[in-house]
A.B. asks: 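Below are the structure tokens for one structure; questions will follow.
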Amino acid sequence: MFVRAYLDTAALILDQYHGEEPLPSFLKKFFAANKKFGSRDRRQISHLCYCYFRLGHAMKDTPVQERLLVALFLCSDVAQPVLAQLAPEWNALAASTLKEKMALLAERYPFQLEEIFPFTHCLSDAIEQAPFVQSFLVQPDTYLRLRPGKEKKVKAQLNDAGIDFYTVVPNCIGLPPAAKLDELLMLNRDAVVQDKSSQQVLSLLEPHFPDRKTAFSSWDCCAASGGKSLLLHDLYPNARITVSDIRSSIIVNLKKRFAAAGISDYHSFVGDIGAPEFSCNQSFQLVICDAPCSGSGTWGRTPEQLYFFTEEKINHYAALQKRIAVRAAKQVTKGGVLLYITCSVFKAENEEVVAHISQETGMQPVGTQYFKGYGQKADTLFAAAFKAL
Ligand SMILES: C[S@@+](CC[C@H](N)C(=O)[O-])C[C@H]1O[C@@H](n2cnc3c(N)ncnc32)[C@H](O)[C@@H]1O
């Protein structure tokens with residue numbers, strides 16, 4: 001297929017896609033309905049679409065095909081077939097620094113990198129603006145958490161399959177994003193796909209639960225498919241786990257995942273923690289509240305969300321988070337811990353929710369931390385631990 005056709009097809013997709021569903025599922029449906037594209041074509045066209053969204057809110061008025069080429073140039077560090085044919089002078093500079101590339105573009109496209117992310121005034125003071133904004137131009141890596149006792153086995157399987165990886169810490173490895181892992185590994189049983197920042201987030205529990213063998217009760221009240229509780233189980237095998245979520249479908253996924261992981265002794269229920277009528281007659285030594293959020297710390301993986309995001313959504317999430325977190329805090333036993341988590345970089349979803357929790361419950365934060373993944377091909381998460389006195 002000619003590269004011009006790649007550009008035309010990407011432009012067609014971008015014309016039809018308005019962000020209502022995740023980009024991967026839209027692309028899947030598009031290619032299922034348009035069978036003429038081979039796997040190489042699909043890869044190239046999808047890559048172009050992703051690059052387009054990585055440019056965020058910059059150059060939004062530029063014609064789509066021109067914007068696609070600029071985006072591809074800025075997001076590439078090696079030569080690209082599309083650039084080779086359509087912009088050879090840029091292709092020759094694919095490995096140049098971002099500064100050099102921007103200098104080259106300046107005459108024809110006088111935009112600033114800050115325009116990629118127009119919400120910097122909402123960022124937490126802890127986030128360094130320039131590196132954070134520039135991180136959108138780089139696709140994050142995939143990370144695996146190797147489950148206890150499975151480290152050697154998984155690394156050997158990857159080596160045997162010729163898949164390159166690097167070790168972050170002994171039980172965390174990073175891989176290029178395209179690696180096909182589900183066909184190779186026993187996912188969830190031996191290794192869990194989990195971002196490296198997400199793998200660190202329960203470290204705030206260490207001062208409160210110093211003995212890994214301690215038995216304590218925990219409730220993951222926004223569990224989704226259970227990533228945090230799976231991690232909790234591996235760190236604290238004697239934790240008595242309860243999980244819940246507002247969506248019954250995701251609890252079905254959680255059950256399958258826990259079964260694959262060999263976890264059978266847990267309780268689960270479906271519940272809307274934000275509803276006034278929510279009631280729970282149990283209390284827990286640990287409540288994990290991994291709240292619904294903008295996801296702005298993970299938009300490097302889903303740049304279409306950056307592109308379609310509007311600022312008023314921050315207030316919507318902050319209000320929801322305050323309601324859920326205050327309700328969740330009520331279920332913590334005296335001396336127990338509430339761990340509030342988001343994958344957001346916005347002050348209103350993090351520091352301001354922490355202040356609200358303190359004000360409404362009297363609980364004080366005993367540890368807060370950003371787990372910064374920007375500039376390291378990973379996500380950024382926020383966590384705050386509160387102790388119930
Ligand atoms: C950030 S995700 C949780 C991710 C999960 N802890 C993990 O590690 O994979 C937030 C979850 O909160 C759930 N949620 C949203 N509103 C809720 C509510 N009112 N009550 C309970 N769960 C809610 C969503 O369905 C979503 O699965």
Side-chain angles (χ1 to χ4, degrees), residues 19-20 56-57 116-129 132-133 136 195 197-198 201 204 219-224 227-228 244-247 250 271-278 287-332 337-374 379-386 388:
E20 314 79 1
H57 295 253
I116 291 176
F117 186 87
F119 316 110
T120 44
H121 56 286
C122 304
L123 281 178
S124 160
D125 295 340
I127 305 294
E128 295 88 353
Q129 295 190 5
F132 176 72
V133 171
F136 287 108
D195 177 77
S197 302
S198 183
V201 84
L204 285 190
W219 175 35
D220 185 355
C221 70
C222 294
K228 301 298 182 304
S244 69
D245 199 280
I246 194 172
R247 293 180 289 159
I250 202 85
D272 176 352
I273 318 304
E277 65 275 13
F278 176 78
V287 174
I288 298 175
C289 179
D290 188 4
C293 71
S294 62
S296 46
T298 64
W299 286 346
R301 297 185 191 281
T302 54
E304 71 275 22
Q305 293 193 20
L306 160 66
Y307 184 89
F308 289 109
F309 191 76
T310 51
E311 197 174 319
E312 59 271 16
K313 291 185 191 157
I314 300 177
N315 288 339
H316 157 79
Y317 283 115
L320 182 61
Q321 287 151 355
K322 287 174 181 166
R323 222 165 47 236
I324 291 177
V326 168
R327 188 66 194 78
K330 295 198 172 127
Q331 305 308 133
V332 183
V337 173
L338 168 73
L339 186 66
Y340 174 75
I341 305 172
T342 73
C343 51
S344 169
V345 285
F346 294 133
K347 196 187 286 186
E349 297 187 90
N350 298 332
E351 290 87 345
E352 289 178 17
V353 175
V354 168
H356 181 83
I357 297 170
S358 291
Q359 195 187 329
E360 293 297 307
T361 67
M363 288 163 98
Q364 293 306 316
V366 285
T368 61
Q369 190 173 338
Y370 274 91
F371 297 85
K372 296 178 185 174
Y374 56 88
D379 295 341
T380 296
L381 273 78
F382 171 81
F386 297 79

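On a predicted model such as this, the values are computed, not experimentally measured, just so you know.
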A.B. asks: I'd like to check the side-chain hydrogen bond (donor to acceptor under 3.5 Å, both in side chains) partners of His316; sequence neighbours left out, ordered by chain and number.
C.D. replies: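 Counting only residues at least two positions away or on another chain, His316 forms no side-chain hydrogen bond (donor to acceptor under 3.5 Å, both in side chains).
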A.B. asks: Do Leu339 and Leu204 have side-chain heavy atoms sitting under 4.5 Å apart?
C.D. replies: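 The answer is yes, as the side chains (C-beta and beyond) meet within the 4.5 Å cut-off.
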A.B. asks: Supply the atom-to-atom distance Ile314 CD1 to Ser296 OG, rounded to the nearest 0.5 angstrom.
C.D. replies: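 Reported value, rounded in 0.5 Å steps: 7.0 Å.
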A.B. asks: Quick check for you: to the nearest 0.5 Å, what is the distance between Lys228 atom NZ and Asp290 atom CG?
C.D. replies: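 Taking NZ in Lys228 and CG in Asp290, the distance rounds to 4.0 Å.
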A.B. asks: Quick one: list whatever passes side-chain hydrogen bond (donor to acceptor under 3.5 Å, both in side chains) with Thr380, sequence neighbours left out.
C.D. replies: none
A.B. asks: Using 30° and 60° as the class limits, which term best fits the ring planes of Trp299 and Phe346: parallel, tilted or perpendicular?
C.D. replies: perpendicular
A.B. asks: Taking all heavy atoms of Leu381 and all of Ser198, pick out the closest pair and write down the distance.
C.D. replies: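 So the minimum-distance heavy-atom pair works out to CD2-CA, 3.9 Å.
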A.B. asks: Kindly compute the distance separating CG (Asn315) from OG (Ser294), expressed to the nearest 0.5 Å.
C.D. replies: 11.5 Å
A.B. asks: I'd like to know if the side chain of Ser358 and the backbone of Met363 have a donor-acceptor N/O pair within less than 3.5 Å.
C.D. replies: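 Yes, because the side chain of Ser358 sits within donor-acceptor range (under 3.5 Å) of the backbone of Met363.
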A.B. asks: Mind checking what makes side chain to side chain contact (heavy atoms under 4.5 Å, CB included) contact with Glu351, not counting sequence neighbours?
C.D. replies: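 Ser124, Lys347, Tyr370.
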A.B. asks: Do the side-chain N and O atoms of Ser197 and Asp379 include a donor-acceptor pair separated by under 3.5 angstrom?
C.D. replies: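 Absent: no donor and acceptor within the cut-off.
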A.B. asks: Could I get the full list of salt bridge (Lys or Arg N to Asp or Glu O under 4.0 Å) partners for Asp220, not counting sequence neighbours?
C.D. replies: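 In terms of salt bridge (Lys or Arg N to Asp or Glu O under 4.0 Å), with neighbours along the sequence ignored, Asp220 is linked to no residue.
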A.B. asks: Do the side chains of Thr368 and Asn350 get nearer than 4.5 Å, heavy atoms only?
C.D. replies: no
A.B. asks: I'd like a table of donor-acceptor pairs (distance under 3.5 Å, sequence neighbours excluded) in which one partner is a side-chain atom from residues 317-326, with atom names and distances.
C.D. replies:
residue	atom	partner	partner atom	Å
Gln321	NE2	Pro292	O	2.9
Gln321	NE2	Glu349	OE1	2.8
Arg323	NE	Gly274	O	3.3

A.B. asks: Taking His57 as the fixed residue, which of Phe117, Phe119, Phe136 is the one that meets the ring-ring contact (aromatic ring centres under 6.0 Å, His included) rule?
C.D. replies: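 Only one option passes, and that is Phe119.
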A.B. asks: Is there a side-chain contact between Val332 and Trp219 in this structure, where contact means two heavy atoms from C-beta onward sitting under 4.5 Å apart?
C.D. replies: no
A.B. asks: Drop me the distance from Ile127's CD1 to Phe382's CZ, to the nearest 0.5 angstrom.
C.D. replies: 10.0 Å
A.B. asks: Find out whether Phe386 and Val354 are in side-chain contact, i.e. whether some heavy atom of one side chain is under 4.5 Å from a heavy atom of the other.
C.D. replies: yes
A.B. asks: Looking only at heavy atoms, what is the nearest atom pair of Asp245 and Cys222, with distance?
C.D. replies: OD2-C, 3.6 Å
A.B. asks: Return the set of residues passing ring pair (Phe, Tyr, Trp, His ring centres under 6.0 Å) with Tyr340 (not counting sequence neighbours), or none when no residue passes.
C.D. replies: none
